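Since the structure comes first, as structure tokens, the remarks are kept for the end.
Values below: every heavy atom of this structure, side chains too, minus hydrogens, waters and symmetry copies. As the structure is a prediction and not an experimental result, all values here were calculated from the model. Start at 1 with the first residue, then count along the sequence.
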Amino acid sequence: MNGNSKESTVLGVVVSFSNRNAKVRCSDGNILTCSLKGKITDSSFQGYKSPVAGDHVSVIPISKQNGVIESIFERKSELSRYNEKGETKQVLAANIDLVVCIASTRAPPFRPRFIDRVGVMAEYCGLPFLIVCNKIDLGLDVSIESRLAAFQKLGYGVVKSSVRDSIGIDELRTSLLGKTSVFIGQSGTGKSSIINCLIPGADQRIAEISDKHKRGKHTTTLSAMVSSSNGDIDIIDTPGIRRLAIRNIEPDDLGFYFPDMVPFLGLCEFGASCTHRYELHCFVKQAVQEGIIHHDRYESYLRMRAELEETRNTKTNESRKPLRSATYKFEDEEW
Ligand SMILES: Nc1nc2c(ncn2[C@@H]2O[C@H](COP(=O)(O)OP(=O)(O)OP(=O)(O)O)[C@@H](O)[C@H]2O)c(=O)[nH]1
Ligand SMILES: [Mg+2]
Ligand SMILES: [Zn+2]
């Protein structure tokens, strides 16, 4: 086995990656378990530390089941989160066309601030955003409807679904056709259940939520791409996220990732330096008062901004404590 003969390489898509081994779906449809060729810092790896689900790669097959990833092609897009424990960027999925946040009405409860954060991530990556509110069989109340309507007004797709009662699944399927989508959400909202419903034979593991805490049990532990048999739908299922930290955005730029705030940015008396928090003659605050911006979206903005400011101020301290205290400050928040 060596990588010199170009004829022997095939193209493929990474289905999943763990422990230096990737499952790659090759262009001939074969799934190979692949190791990485040489060091992952090689220039052929485009500076990517490791492949992730959705990566386009070239592979040297070495047997019917195994191969070696020779290179990772440049990513068209990637969705990453900030890992507070490891204090590093963690890429969840590559080459995606659509970010889908799966929320639930109950069990676990509807957490709009979580959705707001995924929305900021999607805007930051320049990707379209779709919200699925699953488990509507458990009841949809007025406050959930109001928040969903506010998302819809922003141009985000909203699908109300129930896996149990087979509602909204066909509508969702239509939105996913011809795309690679990433499903992201808190544990137990039904990401894997929806995938099993959309793609017969997907066989993603699902589990009851915990009786005691009414939270998911973090059943999915690895990002993995699941594809329909005719190839018209690719979905990357991801492990449930308890808390979504936003980093790497300048506090003054945060408003740009809130499409409801964008029309007012720069109009305030203090121009681009307005924090939209306490300043007089602030057009954003005025829009909130007039109900043009949903007050709860504004509250999300304020919380994210405070977090960005706090973590930026503590960045220079090598101690991990300040970062933790910033985290705890938000632990009483509703998600
Ligand atoms: N009532 C109801 N229960 C649902 C629905 N969809 C999923 N569930 C249940 O919710 C539980 C969690 O579903 P999963 O699909 O494992 O959730 P997940 O989002 O993949 O969770 P993680 O992998 O832990 O992130 C399971 O018991 C499902 O049967 C729904 O529409 N209605
Ligand atoms: Mg799952
Ligand atoms: Zn302002």
Side-chain angles (χ1 to χ4, degrees), residues 79 81-82 98-125 127-162 167-168 172 175 182-191 194 209 213-216 238 240-247 249 254-262 276-277 284-285 287-308 327 329-335:
L79 189 76
R81 65 174 292 224
Y82 179 79
L98 177 68
V99 178
V100 183
C101 180
I102 313 286
S104 52
T105 56
R106 287 196 176 79
F110 186 69
R111 302 290 195 210
R113 296 201 194 298
F114 185 93
I115 306 176
D116 288 334
R117 283 172 185 249
V118 183
V120 166
M121 279 171 66
E123 294 284 345
Y124 183 74
C125 300
L127 290 166
F129 185 42
L130 173 72
I131 296 142
V132 175
C133 182
N134 189 37
K135 306 198 188 187
I136 57 166
D137 53 278
L138 301 179
L140 253 178
D141 62 35
V142 181
S143 64
I144 299 179
E145 292 273 21
S146 145
R147 265 309 223 128
L148 293 178
F151 284 124
Q152 221 153 8
K153 227 172 82 183
L154 298 179
Y156 294 145
V158 171
V159 174
K160 297 167 196 169
S161 70
S162 165
I167 300 170
L172 178 58
S175 305
V182 60
F183 277 18
I184 177 164
Q186 294 186 299
S187 180
T189 56
K191 297 177 290 299
I194 293 175
I209 60 156
H213 302 289
K214 299 284 172 229
R215 281 198 211 130
T238 67
I241 294 174
R242 200 174 78 78
R243 189 184 179 285
L244 197 54
I246 300 282
R247 298 287 185 280
I249 293 178
L254 181 62
F256 290 110
Y257 306 111
F258 278 76
D260 27 1
M261 289 175 63
V262 168
H276 321 296
R277 203 159 19 206
V284 170
K285 282 199 303 172
V288 176
Q289 273 153 22
E290 289 170 5
I292 300 167
I293 295 175
H294 196 291
H295 62 88
D296 206 36
R297 290 268 302 161
Y298 175 62
E299 179 64 30
S300 268
Y301 162 81
L302 292 178
R303 291 183 189 203
M304 274 185 242
R305 181 168 182 125
E307 186 180 324
L308 285 172
T327 305
K329 189 175 164 198
F330 291 96
E331 218 164 53
D332 64 343
E333 119 181 315
E334 57 154 324
W335 59 276

Would you check if the side chain of Lys135 reaches a backbone N or O of Ala103 as a donor-acceptor pair within less than 3.5 Å? no

Distance col, row Arg113:CZ vs Arg297:CZ, nearest 0.5 angstrom, shows 10.5 Å

Between Leu130 and Leu172, does the side chain to side chain contact (heavy atoms under 4.5 Å, CB included) criterion hold? Intermediate values first, please. CA-CA 9 Å; Leu130 173 72; Leu172 178 58; 3.7 Å; yes

Approximate separation, where rounding is to 0.5 Å, of Asn134 CG and Thr105 OG1: 7.5 Å

dist Cys101:SG -> Arg111:CZ (nearest 0.5 Å) comes out at 13.0 Å

Minimum heavy-atom separation for Gly255 and Val262, please, with both atom names. O-CG2, 3.9 Å

Is there a side chain to side chain contact (heavy atoms under 4.5 Å, CB included) between Tyr298 and Asp260? Walk through the geometry before answering. CA-CA 9 Å; Tyr298 175 62; Asp260 27 1; over 6 Å; no

Do the side chains of Arg81 and Ile184 get nearer than 4.5 Å, heavy atoms only? no

Charged N to carboxylate O under 4.0 angstrom, Glu307 versus Arg243? yes

Are Asp116 and Arg147 close enough, and set up right, to give a side chain to side chain contact (heavy atoms under 4.5 Å, CB included), and what steps lead you there? CA-CA 10 Å; Asp116 288 334; Arg147 265 309 223 128; 2.6 Å; yes

Can you find a pair of side-chain heavy atoms, one from Ile115 and one from Phe110, that are under 4.5 Å apart? yes

Selection residues 148-157 - residue pairs positive for salt bridge (charged side-chain N to carboxylate O under 4.0 Å, His left out), sequence neighbours left out: none

Please tell me if the side chains of Val182 and Leu127 come closer than 4.5 Å, counting only heavy atoms from C-beta onward. no

Minimum heavy-atom distance Ser104-Pro108, with the two atoms named: OG-O, 2.6 Å

With side chains defined as the heavy atoms from C-beta onward, is the minimum distance between Leu302 and Arg305 less than 4.5 Å? no

Close side-chain approach of Val99 and Cys125, heavy atoms under 4.5 Å: no

Going from OG on Ser161 to CD1 on Ile194, what distance comes out if it is rounded to the nearest 0.5 angstrom? 4.0 Å

Taking atom OH of Tyr82 and atom CZ of Arg247, what is their separation to the nearest 0.5 Å? 5.5 Å

Looking at Phe114 and Gly185, what are the two nearest heavy atoms and their distance? CE2-CA, 3.7 Å

Nearest non-hydrogen partners of Arg117 and Ala245, listed with the distance: NH1-CA, 4.1 Å

So which atom in Leu138 and which in Arg106 form the shortest heavy-atom distance, rounded to 0.1 Å? O-NH1, 2.6 Å

Taking Leu254 as the fixed residue, which of Met304, Met261, His276 is the one that meets the side-chain contact (heavy atoms from CB on, under 4.5 Å) rule? Met304

Give, for atom OH of Tyr156 and atom CG of Leu148, the distance between the pair rounded to the nearest 0.5 Å. 14.0 Å

Provide the closest heavy-atom pair for Ile136 versus Ser162 in the form atom of the first, atom of the second, distance. CG1-CB, 3.9 Å

Evaluate the criterion side chain to side chain contact (heavy atoms under 4.5 Å, CB included) for residue pair Thr189 and Phe183; output intermediate values, then yes/no. CA-CA 11 Å; Thr189 56; Phe183 277 18; over 6 Å; no

